[in-house]
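Data first, discussion second: the structure below is written as structure tokens.
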Amino acid sequence: MFCYQCQEASKGTGCNVVGICGKQPETANLQDLLIYTVKGVSDIVVKGGLDAKDLGEVNHEVLKSLFMTITNANFDDAAFVKDINKMITLRDNLRAMVVAGPPAEAGFFKKLLGLAKETPSKGIPVSSLHDAAVFVVGSKEEMLTKAAGVGVLATENEDIRSLRELIIYGLKGYAAYAHHALNLGKESDEIYAFVYEALAATLNDGLGADELVALTLKTGEYGVKAMALLDGANTSKYGNPEITQVNIGVKKNPAILISGHDLADLEQLLEQTKGTGVDVYTHSEMLPAHYYPAFKKYDNFAGNYGNAWWKQLEEFESFNGPVLFTTNCIVPPKSDKVRDRIFTTGASGFPGCTHIEADANGKKDFSAIIAMAKTLPSPTEIETGTIVGGFAHEQVFALADKVVDAVKSGAIKKFFVMAGCDGRMKGRDYYTEFAEKLPKDTVILTAGCAKYRYNKLPLGDIGGIPRVLDAGQCNDSYSLALIALKLKEVFELGDINELPIAYNIAWYEQKAVIVLLALLHLGVKNIHLGPTLPAFLSPNVAKVLVETFGIGGIGTADEDIKMFMGA
Ligand code: FS2
Ligand code: SF4
């Protein structure tokens, strides 16, 4: 195995024995082969001139496959073998549509692939396709043998490898966001078309560093579109997030803990638990669900339990009840007792945990989780009180006058975008210290699980505006970009970088990569990224990011505050 896609890559270079995340070598290799297969699908779509709008099921499966390989989403080899087989079948059927050969009977491909309409054969020679589009494997052993030659290190030039992986990791985050939107019935052909274009480009040895840098920025452009799609899907269905106090204590009923990011799954769980006497609590990135008006009607939506993903081993013990993962971040459970209480759905999975599939209409049957909850004790209280959030774009726009006045009067000197991820690394204490030591006339804008490093600190408010404004999940970093653009408009500035906003972002997995690329596309400069820079940036690629965009790392909290405040 070789994997360097997340911030915890071993020794800052890559995991090559076993993942720091717990990913086993065979799982890593199967993930490599799945990505390779999806690249092969993309090669066929691009070279065969297929239109994404005709590709129904293929589009959906490509998103899901990319999502499954995100850090901490899925550790289940059987799920990857099944998915590779599924993608190979779809790939081979697509290939049959585009290669030269006798015409198929009318309606054949439409039926075979669930296509929107029959697409005529393009008649390209099969020899023009990449190996990824044609390789053959049967058993898991054959998959592993093939995987050994198609992983990250198959690209020898370290700069080309770095750029290809930067694009692929961005696409994984992008696919995750598009998949959530899809679960809410929103999709877009251009979002799919870009996945094919970009993945096919990562197979093209004719593309050099300049073309790949341009494609990296284009990935950011599409990242904005994917986040906008998801934002529209969430807010049109559940309303705009609003200021909300979320209970962090517990009630007396037995309960289910829901984690991950998928609001459609949460809605189904709340509907099915309604009136059963079983409460539902959020964990980690599901916390912002409390900010949506639509979920406030559920009396059993009891609060948020615990902190960011990496604290789950101890927090799941004391929660006592079953846990439903809708996406990452899963930490491999240490005991069978806890593992038996964990359920997964969607792109997530863990061996030995029950996986709940949707039926043909997208409905999921959570009755086994509810039944289990009823047999288990209610959660043990680990903290009490409330935390406040809900500062997504519409809520902040509603407060715009107040915010603008505070900036004009000097009551607010600077905003700090501290969105992103949390993680286990000791160095992340920096973010708590940074938040604590920031001058009292500054405001933190946050989104993602990074917030748990400071969202329970008594940081106070400025004229009624809390000093930590939580917009929501990592994907709601989109709100932070909209807020910045709105402030630029209100203050009549020509450049987003003239705003009194500094960016000190914590990253961990690939959704943070697409957020970063989206910010770069929007022209944001001087973003600081920590706790360490990505292992997948080669020295030359890192140099381009530093010189073109002013990307930097972090130092100590004291030094960095001085630097950001211009002291
Ligand atoms: Fe946090 Fe993990 Fe949100 Fe990331 S819960 S690091 O998935 O995407 O953020
Ligand atoms: Fe290592 Fe991160 Fe890859 Fe896991 S996802 S194997 S921790 S680099």
Side-chain angles (χ1 to χ4, degrees), residues 1-32 35 67-75 151-153 165 168-170 172-177 179-180 226-227 230 258-263 282-289 304 306-312 315 325-332 346-348 418-425 428 431 446-453 455 470-478 505-516 531-532 534-537:
M1 75 174 282
F2 179 80
C3 179
Y4 64 173
Q5 68 176 356
C6 86
Q7 186 272 324
E8 292 186 354
S10 181
K11 300 189 179 83
T13 52
C15 300
N16 54 8
V17 179
V18 66
I20 300 286
C21 58
K23 185 161 72 176
Q24 297 301 307
E26 290 200 350
T27 318
N29 293 339
L30 290 169
Q31 291 185 358
D32 286 346
I35 293 294
F67 197 173
M68 284 173 73
T69 69
I70 278 189
T71 301
N72 293 340
N74 201 315
F75 295 81
V152 170
L153 299 177
E165 295 305 317
I168 291 167
Y169 302 152
K172 290 186 183 194
Y174 171 86
Y177 295 153
H179 195 260
H180 288 304
M227 283 193 272
L230 177 54
I258 181 168
S259 193
H261 305 69
D262 199 280
L263 298 184
T282 52
H283 190 258
S284 190
E285 273 284 66
M286 201 55 97
L287 156 67
N304 188 69
N307 294 279
W309 64 272
W310 61 277
K311 292 215 169 159
Q312 67 188 251
E315 291 173 355
F325 271 104
T326 64
T327 69
N328 55 337
C329 280
I330 299 173
V331 179
S348 69
M418 290 178 71
C421 315
D422 198 7
R424 302 167 262 234
M425 195 174 255
R428 289 182 187 262
Y431 293 102
T446 192
C449 60
K451 65 169 99 22
Y452 285 100
R453 288 282 168 174
N455 69 343
D470 177 23
Q473 298 179 337
C474 44
N475 42 289
D476 296 309
S477 300
Y478 176 70
I505 289 178
W507 84 284
Y508 173 63
E509 44 75 51
Q510 300 76 54
K511 293 181 212 170
V513 176
I514 194 63
V515 170
L516 174 70
T532 54
F536 55 81
L537 296 181

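Source: prediction; values computed, not measured. In each ligand, atom 1 is the first atom listed, and ligand 1 is the first ligand listed. What you see below is based on every heavy atom in this structure, not just the backbone, and it leaves out hydrogens, waters and symmetry mates.
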Considering the heavy atoms of [X], write down every atom of ligand 2 situated less than 4.0 Å from one of them.
{"X": "Ala9", "value": "8 (S)"}
{"X": "Gln5", "value": "5 (S), 8 (S)"}
{"X": "Gly19", "value": "6 (S)"}
{"X": "Thr71", "value": "5 (S)"}

Worksheet entry | Option passing side-chain hydrogen bond (donor to acceptor under 3.5 Å, both in side chains) with Thr69 (candidates Gln510, Gln31, Lys172) |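 Checked Gln510, Gln31, Lys172 against Thr69; only one passes side-chain hydrogen bond (donor to acceptor under 3.5 Å, both in side chains): Lys172.
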Discussion item. Just to be sure I understand the site: which N, O or S atoms from the protein are less than 2.8 Å away from atom 4 (Fe) of ligand 1?
Written reply: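 Near atom 4 (Fe) of ligand 1, the protein supplies Glu509 OE2.
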Discussion item. To check you understand the geometry: which heavy-atom pair defines the closest contact between Thr27 and Asn74, and what is its length?
Written reply: CG2-O, 4.3 Å
Discussion item. Minimum heavy-atom separation for Cys21 and Tyr508, please, with both atom names.
Written reply: CB-OH, 4.3 Å
Discussion item. Which residue in the set Arg453, Glu315, Lys451 passes side-chain contact (heavy atoms from CB on, under 4.5 Å) when paired with Asn307?
Written reply: Glu315
Residue, atom name and distance, where the atom is the protein heavy atom closest to [atom]:
{"atom": "atom 2 (Fe) of ligand 2", "result": "Cys6 SG, 2.3 Å"}
{"atom": "atom 4 (Fe) of ligand 2", "result": "Cys21 SG, 2.3 Å"}
{"atom": "atom 1 (Fe) of ligand 2", "result": "Cys15 SG, 2.2 Å"}
{"atom": "atom 8 (S) of ligand 2", "result": "Cys3 O, 3.3 Å"}

Practice prompt. Check the pair Thr71 / Gln7 against side chain to side chain contact (heavy atoms under 4.5 Å, CB included), numbers first and verdict last.
Written response: CA-CA 10 Å; Thr71 301; Gln7 186 272 324; over 6 Å; no
Discussion item. Within the 4.5 Å heavy-atom criterion, are Gln24 and Phe75 side-chain neighbours or not?
Written reply: no
Discussion item. Would you say that Thr327 contacts Gln473 through its side chain, given a criterion of any heavy-atom pair below 4.5 Å between the two side chains?
Written reply: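 Counting from C-beta outward, Thr327 and Gln473 never come under 4.5 Å.
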Practice prompt. Could you check whether the rings of His261 and His180 sit parallel, tilted or perpendicular, using 30° and 60° as the cut-offs?
Written response: tilted
Fill in: Numbering as shown, the atoms of ligand 1 that approach Ser284 to under 4.0 Å (heavy-atom distance)
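Heavy-atom distances to Ser284 below 4.0 Å select 5 (S).
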Worksheet item: How many angstroms lie between CZ in Phe325 and CH2 in Trp309, if you round to the nearest 0.5 Å?
Response: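 With rounding to 0.5 Å, CZ (Phe325) is 10.0 Å from CH2 (Trp309).
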Discussion item. Glu8: which residues meet the side chain to side chain donor-acceptor pair (under 3.5 Å) condition with it, sequence neighbours left out?
Written reply: Arg424
